[in-house]
Amino acid sequence: QVQLVESGGGLVQAGGSLRLSCVASGMIVSNNAMKWYRQAPGKQREYVAMITSGSNGRTYYADSAKGRFTISRDNAKKTMYLQMNSLKPEDTADYYCNVYLRGDFWGQGTQVTVSS
């Protein structure tokens with residue numbers, strides 16, 4: 001069993017920044033890639049960013065996140081982060097942590113609201 005808990009969401013003005021955190025527990029997930037997804041009201045959940053395992057994990061971003069978001073992880077703390085800069089109103093969504101371990105595991109989400 002994998003447990004994921006997101007935090008760090010909030011309300012910011014356009015152009016502002018937030019850092020999201022995702023803490024994993026229940027199973028060791030350091031050997032697994034982790035991802036951030038988001039879901040706006042009435043819309044499909046979409047991929048945002050991914051980081052592979054290890055301290056030197058490779059990072060990947062959706063086009064919407066490139067140049068603005070930075071994904072990172074601290075395996076000792078079993079925590080993944082998403083630093084979000086230059087936020088836009090279209091970034092408003094619930095943000096979810098994800099890990100694939102013979103199936104998808106999700107956190108409960110943390111809400112991000114970006115005002116104009």
Side-chain angles (χ1 to χ4, degrees):
Q1 185 178 6
V2 176
Q3 297 163 306
L4 304 169
V5 179
E6 303 94 335
S7 63
L11 172 64
V12 297
Q13 293 183 351
S17 299
L18 285 172
R19 189 177 77 157
L20 308 183
S21 298
C22 171
V23 179
S25 63
M27 292 181 64
I28 298 174
V29 297
S30 60
N31 292 328
N32 298 88
M34 299 182 73
K35 300 176 182 178
W36 285 101
Y37 284 77
R38 67 186 183 187
Q39 186 169 23
K43 297 183 179 180
Q44 299 283 85
R45 187 169 297 185
E46 65 175 347
Y47 162 80
V48 176
M50 179 178 73
I51 185 165
T52 61
S53 62
S55 297
N56 297 317
R58 301 296 299 272
T59 58
Y60 304 87
Y61 300 93
D63 288 342
S64 61
K66 290 178 181 177
R68 301 188 300 123
F69 294 2
T70 302
I71 188 171
S72 62
R73 68 192 295 170
D74 184 337
N75 287 330
K77 297 180 179 179
K78 300 186 185 301
T79 302
M80 176 178 66
Y81 305 94
L82 184 68
Q83 177 67 47
M84 305 187 295
N85 299 325
S86 302
L87 284 163
K88 305 174 181 178
E90 51 261 45
D91 295 319
T92 295
D94 289 334
Y95 283 71
Y96 296 89
C97 180
N98 166 270
V99 62
Y100 183 83
L101 197 76
R102 296 187 179 184
D104 284 310
F105 292 85
W106 301 89
Q108 84 291 343
T110 185
Q111 185 175 138
V112 171
T113 302
V114 184
S115 62
S116 301

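The first residue in the sequence is number 1, and the count goes up from there.
- Ser25 OG to Lys78 NZ: the interatomic distance, rounded to the nearest 0.5 Å, is 9.0 Å.
- Atom CE of residue Met50 and atom CE of residue Met80 lie 11.0 Å apart, to the nearest 0.5 angstrom.
- Counted by atom type alone, Asn32 and Ser53 present zero donor-acceptor pairs between their side chains at under 3.5 Å.
- A donor-acceptor pair under 3.5 Å links the side-chain atoms of Arg73 to the main chain of Thr52, judged by distance alone.
- Of the listed residues (Thr113, Asp91, Val114), just one forms a side chain to side chain contact (heavy atoms under 4.5 Å, CB included) with Val12, and that residue is Val114.
- Remark: the backbone N or O of Ile71 is paired with a side-chain donor or acceptor of Tyr61 at under 3.5 angstrom.
- For the pair Leu4/Met34, a side-chain contact is recorded, criterion being any heavy-atom separation below 4.5 Å from C-beta on.
- Within 6.0 Å of CD on Gln13 lie no more than 12 heavy atoms contributed by other residues, nucleotides or ligands.
- In this structure, Met84 is not a member of the same hydrophobic cluster as Val23, with clusters built from ILVMFWY side-chain heavy atoms closer than 4.5 Å.
- Atom OH of Tyr60 and atom NZ of Lys35 lie 11.0 Å apart (nearest 0.5 Å).
- Salt bridge annotation for Lys66-Asp63: present, with a cationic side-chain nitrogen under 4.0 angstrom from a carboxylate oxygen.
- The shortest heavy-atom contact between Arg68 and Ser86 is NH1-O, 3.0 Å.
- Glu6 places a side-chain N or O within 3.5 Å of a backbone atom of Gln108 that can act as its donor or acceptor partner.
- With rounding to the nearest 0.5 angstrom, the CD atom of Gln39 is 7.0 Å from the CD atom of Gln44.
- In terms of heavy atoms, Asn98 sits closest to Tyr100 at OD1-N, 4.2 Å.
- Atom SG of Cys97 sits about 11.5 Å away from atom OH of Tyr81, to the nearest 0.5 Å.
- Follow the hydrophobic side-chain contacts under 4.5 Å out from Val99 and you reach Leu20 in the same cluster.
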### Task
May I have the step-by-step check of side-chain contact (heavy atoms from CB on, under 4.5 Å) for Ile51 and Trp36, ending in yes or no?
CA-CA 9 Å; Ile51 185 165; Trp36 285 101; over 6 Å; no
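- For the pair Ala93 and Ala40, the tightest heavy-atom approach, listed with the atom from each and the gap, is CB-N, 3.7 Å.
- No side-chain heavy atom of Ser21 sits under 4.5 Å from any side-chain heavy atom of Lys77.
- With hydrophobic clusters built from ILVMFWY side chains whose heavy atoms lie under 4.5 angstrom apart, Tyr96 does not share a cluster with Phe69.
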### Task
Kindly determine whether Trp106 and Tyr37 satisfy ring-ring contact (aromatic ring centres under 6.0 Å, His included), including the steps that lead there.
CA-CA 9 Å; Trp106 301 89; Tyr37 284 77; 4.9 Å; yes
